[in-house]
*Asks:* 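Questions regarding the structure given below will be posed in turn.
Both counts, for ligands and for their atoms, begin at 1 and track the order of listing. In this text, all values refer to a predicted model and were calculated from it rather than measured experimentally.
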Amino acid sequence: MTSVPTITLNNGVRMPQLGFGVFQVPDDQTTAAVAAALEVGYRSIDTAAVYGNEVGVGRALAESGIRRDELFVTTKVWNSDQGYDQTLRAFDASAERLGLDQLDLYLIHWPTPERGRYLDTWRALERLLADGRTRAIGVSNFEPEHLDRLVEASEVVPAVNQVELHPAMTNTAVIAADARHGIATEAWSPLAQGAVLHEASVVEISERHGRTPAQVVLRWHLQQGRIVIPKSVTPSRIAENFDVFGFELTELELDAIDALDRGGRTGPHPAEFNAA
Ligand SMILES: NC(=O)C1=CN([C@@H]2O[C@H](COP(=O)(O)OP(=O)(O)OC[C@H]3O[C@@H](n4cnc5c(N)ncnc54)[C@H](OP(=O)(O)O)[C@@H]3O)[C@@H](O)[C@H]2O)C=CC1
Ligand SMILES: O=C(O)C(=O)[C@@H](O)[C@H](O)C(=O)CO
């Protein structure tokens with residue numbers, strides 16, 4: 001079975017560079033989707049309390065028979081649970097739904113700057129890390145100004161920043177800020193939810209390599225050192241998205257995909273997203 005390269009996080013924990021995301025997968029379909037992903041070889045699963053499918057993820061993990069230390073499980077504290085005590089309670093609830101004593105990575109889902117609680121929330125994540133409840137802690141959707149403020153005020157530097165990143169939204173300022181702080185960048189919506197798969201340059205490169213557009217876009221991420229978590233509920237696509245280690249894009253091909261950047265977000269801007 002293909003072994004996925006790992007990224008060594010800033011606390012020494014190794015995270016698979018390719019994982020499986022389950023946003024918008026209903027809980028009752030999640031077990032089958034995650035089981036299909038585990039069967040193909042994925043070992044890293046990305047969920048969130050707000051996705052409402054941690055139970056489905058946990059069931060697939062338990063039924064797989066795969067050793068716990070071969071799996072890497074990420075979940076996230078939702079906006080309305082921010083704050084020190086609420087976050088500790090939210091963590092316990094997520095761990096229970098997942099059926100796990102310890103998580104691999106726990107993230108603050110959005111900074112929600114209007115709420116003004118991400119520093120208190122981070123204190124809770126630092127406590128969870130110190131208590132061994134999670135092997136690594138990180139953030140999601142943090143812009144450079146949020147990272148600077150967090151790092152300045154904290155003991156622990158986030159291990160990961162999970163942000164929107166794909167050919168239409170290359171998010172270079174966040175990548176630079178992550179690198180400055182020693183934070184690994186993880187791309188959400190790495191395929192732009194399918195929106196970049198018909199781009200002429202992506203199609204042309206895919207034809208040249210005898211690969212699919214999705215495989216080319218995932219290679220573009222992987223060759224630039226990013227962690228990716230494509231989502232699919234379609235078994236053939238789950239397998240296709242995992243089969244990305246047998247070819248290499250050239251520098252010119254990477255540049256041609258970079259050139260598709262148009263600041264085209266599929267989701268909200270983190271500075272403005274404060275939903276409960
Ligand atoms: N931290 C955050 O705020 C966010 C985190 N995320 C995380 O990132 C993960 C991935 O992002 P997501 O928004 O789901 O989008 P993706 O970029 O992974 O795209 C998923 C969409 O692309 C389709 N697709 C998948 N593979 C292929 C393929 N090989 N060919 C053609 N179409 C394909 C899927 O269809 P189908 O399923 O029908 O096969 C689905 O519609 C999420 O699941 C979640 O874990 C996402 C958004 C925000
Ligand atoms: O998928 C996620 O992880 C998200 O946080 C977002 O997609 C968010 O839940 C949303 O729906 C924003 O419109």
Side-chain angles (χ1 to χ4, degrees), residues 15-16 18-27 29-30 32-34 36-37 40 42 44-54 56-57 72-82 94 98 105-112 118 138-143 146 158 160-171 174 184-199 202-203 206 211-222 226-244 264-276:
M15 177 170 183
L18 173 66
F20 184 70
V22 294
F23 175 45
Q24 292 175 318
V25 184
D27 194 48
Q29 293 172 35
T30 298
V34 173
V40 164
Y42 295 80
S44 172
I45 308 296
D46 181 85
T47 184
V50 77
Y51 299 169
N53 56 21
E54 291 171 315
V57 170
F72 193 100
V73 183
T74 302
T75 194
K76 316 180 190 93
V77 56
W78 184 240
N79 304 344
S80 52
D81 285 322
Q82 283 205 23
S94 281
L98 285 160
L105 179 62
Y106 196 48
L107 304 178
I108 302 180
H109 205 142
W110 291 84
T112 69
Y118 64 77
V139 294
S140 176
N141 299 301
F142 272 47
E143 291 289 299
H146 308 131
V160 168
N161 187 15
Q162 184 187 111
V163 293
E164 178 167 3
L165 210 169
H166 45 71
M169 169 69 197
T170 56
N171 225 336
V174 168
T185 301
E186 178 173 22
W188 64 252
S189 292
L191 305 173
Q193 300 194 331
V196 294
L197 303 181
H198 301 289
E199 291 286 351
V202 172
V203 172
S206 70
R211 294 292 184 149
T212 67
Q215 289 174 321
V216 163
V217 171
L218 293 172
R219 247 346 279 170
W220 170 79
H221 285 287
L222 294 168
R226 294 190 285 273
I227 300 160
V228 279
I229 43 170
K231 168 263 177 188
S232 178
V233 291
T234 313
S236 60
R237 289 173 172 175
I238 293 172
E240 174 187 326
N241 296 345
F242 191 74
D243 180 18
V244 289
R265 290 183 188 276
T266 63
H269 193 294
E272 291 154 12
F273 187 64
N274 294 287

*Asks:* Salt-bridge test for K231 and D46: reply yes if a basic N is under 4.0 Å from a carboxylate O, no otherwise.
*Replies:* no
*Asks:* Using distance alone, with no hydrogens and no angle criterion, decide if E54 and S94 have a side-chain donor and acceptor under 3.5 Å apart.
*Replies:* yes
*Asks:* How long is the span from the CD atom in E186 to the CG atom in N161, to the nearest 0.5 Å?
*Replies:* 9.5 Å
*Asks:* OG1 of T74 to CZ of F20: how many Å apart, nearest 0.5 Å?
*Replies:* 13.5 Å
*Asks:* For each nitrogen or oxygen atom of ligand 2, which protein N/O atoms lie closer than 3.5 Å, and how far apart are they, rounded to 0.1 Å?
*Replies:*
residue	atom	partner	partner atom	Å
ligand 2	1 (O)	Y51	OH	3.3
ligand 2	3 (O)	Y51	OH	2.4
ligand 2	3 (O)	H109	NE2	2.6
ligand 2	5 (O)	H109	NE2	2.8
ligand 2	5 (O)	W110	NE1	2.8

*Asks:* Check the pair D243, R211 against salt bridge (charged side-chain N to carboxylate O under 4.0 Å, His left out), reporting the backbone distance first and the verdict last.
*Replies:* CA-CA 10 Å; D243 180 18; R211 294 292 184 149; 3.5 Å; yes
*Asks:* Any chance you could measure I227, atom CD1, to T185, atom OG1, to the nearest 0.5 Å?
*Replies:* 8.0 Å
*Asks:* To the nearest 0.5 Å, how far apart are OH in Y42 and CG in L18?
*Replies:* 5.5 Å
*Asks:* Strictly under 4.0 angstrom, heavy-atom based: which residues surround ligand 1?
*Replies:* G21, V22, F23, D46, Y51, K76, H109, W110, S140, N141, Q162, W188, S189, P190, L191, A192, Q193, G194, L197, A214, I229, P230, K231, S232, V233, T234, R237, E240, N241
*Asks:* Should T212 and E240 be marked as a side-chain hydrogen bond (donor to acceptor under 3.5 Å, both in side chains) after you check the CA-CA gap, both sets of side-chain angles, and the distance that decides it?
*Replies:* CA-CA 8 Å; T212 67; E240 174 187 326; 2.7 Å; yes
*Asks:* Evaluate the side-chain proximity of E143 to H269: yes if any heavy-atom separation is below 4.5 Å, no if none is.
*Replies:* yes
